[in-house]
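So the structure is just underneath, and the comments pick up after that.
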Amino acid sequence: VFLQMMKHAWDNYKRYAWGLNELKPISKQGHSSNLFGNIQGATIVDALDTLYIMEMKEEFKEAKEWVEKNLDFNVNAEISVFEVNIRFVGGLLSAYYLSGEEVFRKKAVELGEKLLPAFNTPTGIPWALLNIKSGIGRNWPWASGGSSILAEFGTLHLEFVHLSHLSGNPVFAEKVMNIRKVLNRLDKPEGLYPNYLNPSSGQWGQHHVSIGGLGDSFYEYLLKAWLMSDKTDEEGKKMYYEAVQAIETHLIRKSSGGLTYIAEWKGGLLEHKMGHLTCFAGGMFGLGADGAPNDKTGHHIELGAEIARTCHESYDRTSMKLGPEAFRFDGGVEAIATRQNEKYYILRPEVIETYMYMWRLTHDPKYRQWGWEAVEALEKHCRVDGGYSGIRDVYNNHESHDDVQQSFFLSETLKYLYLLFSEDDLLPFEHWVFNTEAHPLPVLHKDDGNKEENQK
Ligand code: DMJ
């Protein structure tokens, strides 16, 4: 069924939007997001490794040919450094490591070089936006006092370490190690990392803390940097477990109905709201359980399981059995969206991602059951003639489609579903870490000079 879902998403993208960034499955035409400027082909690059893993050989071949002939970074484009890194650099790196095809390595390094001018700031904390032709960067106009965003500059580490590894050029790794240095010099309120940091002054912006949007994958990359280094990156490890400690103390709460959730922190006050994005944290806590200090392995697994349960409830309490963008634990509700503009579902992967990690770590069959419920809901409500679409209100009985097939549906949602129902030896966690767009990157084994061996 997953192959057939992937084929439906891919074939329609190919038919109606080939070479463009994303597909509009209702109007059956291309969709361009300004996140990628006029770099093209986001869906192709994001889908490469999923096609490879699902052994869709023909499709992988046509995707590779498109990359060879058409993927072009010599364009006048202002792009999101974070989005281009996780989807394009990450997608190309995984395609290279899985297939061994040189074109993917070459393109990844070429794109990495284009991103380097983003780091030309007084502190070396990169800009959010970069014109890849002129090399001029800036930040999102809405971000607190000209700040860069934690989840953006904190989600370059894995890809940049691999770029140095594959190019022999240390500059990429140096840039991301410097980000850590800046962070470690700063005082952290209650041990927490605010979402905003000014790249010129090196000071925090607003003291907002989130494990969802604006913060999320920064924490994920601390843990995965340590795992990807074959557990030699002690600094990443320390930063991760200390951050989790502060998160537990200040952000994690239990509702009166017994659901564990992760709130948002605004200058010391809690907002009792959890985003769909925050649901990835269940899988992260599970993945990090093994290395947890002070005999806390069982506790971290338990935390992962509780977050998975809460996020499943957020799905189960809707009419479509798909989760809202954000849900609240206040005003008499639990795990339910209360504001109209938080009721949408845009094919996001985080809840299924957590099911996949918790399944591999515990083999509790409920995770496969919950994953299957999501498959049924996707097929019933999101599948349309022209592909898969997001939904505007998951509490409604009638679908109002948003007409976008996000590229992460192919790279993440379908891949995590496939892995949830595969054997554990497909991309085993001892040898692979997934970037935040679900692109697998090999662990760089310390005792292993032989690159080929890393990939097994
Ligand atoms: C993806 O691009 C990545 O998973 C990112 O970390 C968060 N947002 C989307 C999916 O929801």
Side-chain angles (χ1 to χ4, degrees), residues 9 21-23 31-36 39 41-50 79-94 128 140 149-160 195 210-225 262 274-284 287 307 311 314-315 322-327 342 344-357 374 378 382 388-391 394 402 404-417 419-420 433-441:
N21 280 323
E22 289 172 319
L23 164 70
H31 172 71
S32 21
S33 146
N34 52 7
L35 299 172
F36 319 116
I39 297 183
T43 294
I44 299 179
V45 179
D46 238 1
L48 279 165
D49 54 9
T50 308
I79 51 101
S80 156
V81 174
F82 160 78
E83 296 289 353
V84 165
N85 176 62
I86 66 170
R87 303 193 203 205
F88 285 83
V89 179
L92 291 166
L93 286 173
S94 288
W140 298 106
I149 305 289
L150 183 68
E152 297 200 323
F153 64 76
T155 311
L156 305 169
H157 199 100
L158 305 181
E159 296 81 2
F160 276 53
N195 293 336
S210 172
I211 314 307
L214 309 185
D216 47 11
S217 40
F218 161 69
Y219 304 95
E220 175 186 353
Y221 271 34
L222 293 176
L223 171 63
K224 290 179 176 175
I262 313 180
M274 186 163 171
H276 192 288
L277 290 165
T278 320
C279 288
F280 90 98
M284 177 178 75
L287 183 66
I307 297 298
C311 292
S314 82
Y315 275 49
L322 290 167
E325 179 68 5
F327 44 93
E342 296 174 347
Y344 63 88
Y345 172 68
I346 56 168
L347 305 173
R348 286 197 193 280
E350 290 77 16
V351 175
I352 292 166
E353 172 181 352
T354 279
Y355 297 161
M356 190 281 291
Y357 280 101
L378 284 166
C382 300
Y388 288 87
S389 167
I391 298 280
V394 289
D402 70 2
V404 182
Q405 177 175 286
Q406 305 278 346
S407 76
F408 53 68
F409 182 66
L410 293 89
S411 71
E412 297 197 71
T413 312
L414 292 176
K415 186 187 290 129
Y416 285 136
L417 277 172
L419 292 174
L420 172 60
V433 296
F434 293 89
N435 93 337
T436 196
E437 189 79 0
H439 296 305
L441 300 171

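Counting starts at 1 for both ligands and their atoms, following the listed order. Because the structure is predicted, anything quoted here is derived from the model rather than measured. Index from 1, following the sequence.
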Requested in this report: Quick one: list whatever passes side chain to side chain donor-acceptor pair (under 3.5 Å) with N435, sequence neighbours left out.
Outcome: E159
Under 3.5 Å: N or O atoms of ligand 1 paired with protein N or O:
from, atom 1, to, atom 2, distance (Å)
ligand 1, 2 (O), E437, OE1, 2.6
ligand 1, 4 (O), E412, OE1, 3.4
ligand 1, 4 (O), E412, OE2, 2.6
ligand 1, 4 (O), T436, O, 2.8
ligand 1, 6 (O), T436, OG1, 2.8
ligand 1, 11 (O), R348, NH1, 2.7
ligand 1, 11 (O), E350, OE2, 2.7

Query raised in the report: How many angstroms lie between atom NZ of K224 and atom NE2 of H157, to the nearest 0.5 angstrom?
Result: 13.5 Å
**Report entry** Partner residues of S210 under the side chain to side chain donor-acceptor pair (under 3.5 Å) criterion, sequence neighbours left out
**Finding:** E264
Requested in this report: For E152, check side chain to side chain donor-acceptor pair (under 3.5 Å) against everything at least two apart and list the hits.
Outcome: W140
Query raised in the report: Donor-acceptor pair, Y221 side chain versus T436 backbone, under 3.5 Å?
Result: yes
Report task. Determine the interplanar angle of the Y315 and Y345 rings, folded into 0 to 90°, and report it as parallel if under 30°, tilted if 30 to 60°, perpendicular if over 60°. Result -> perpendicular
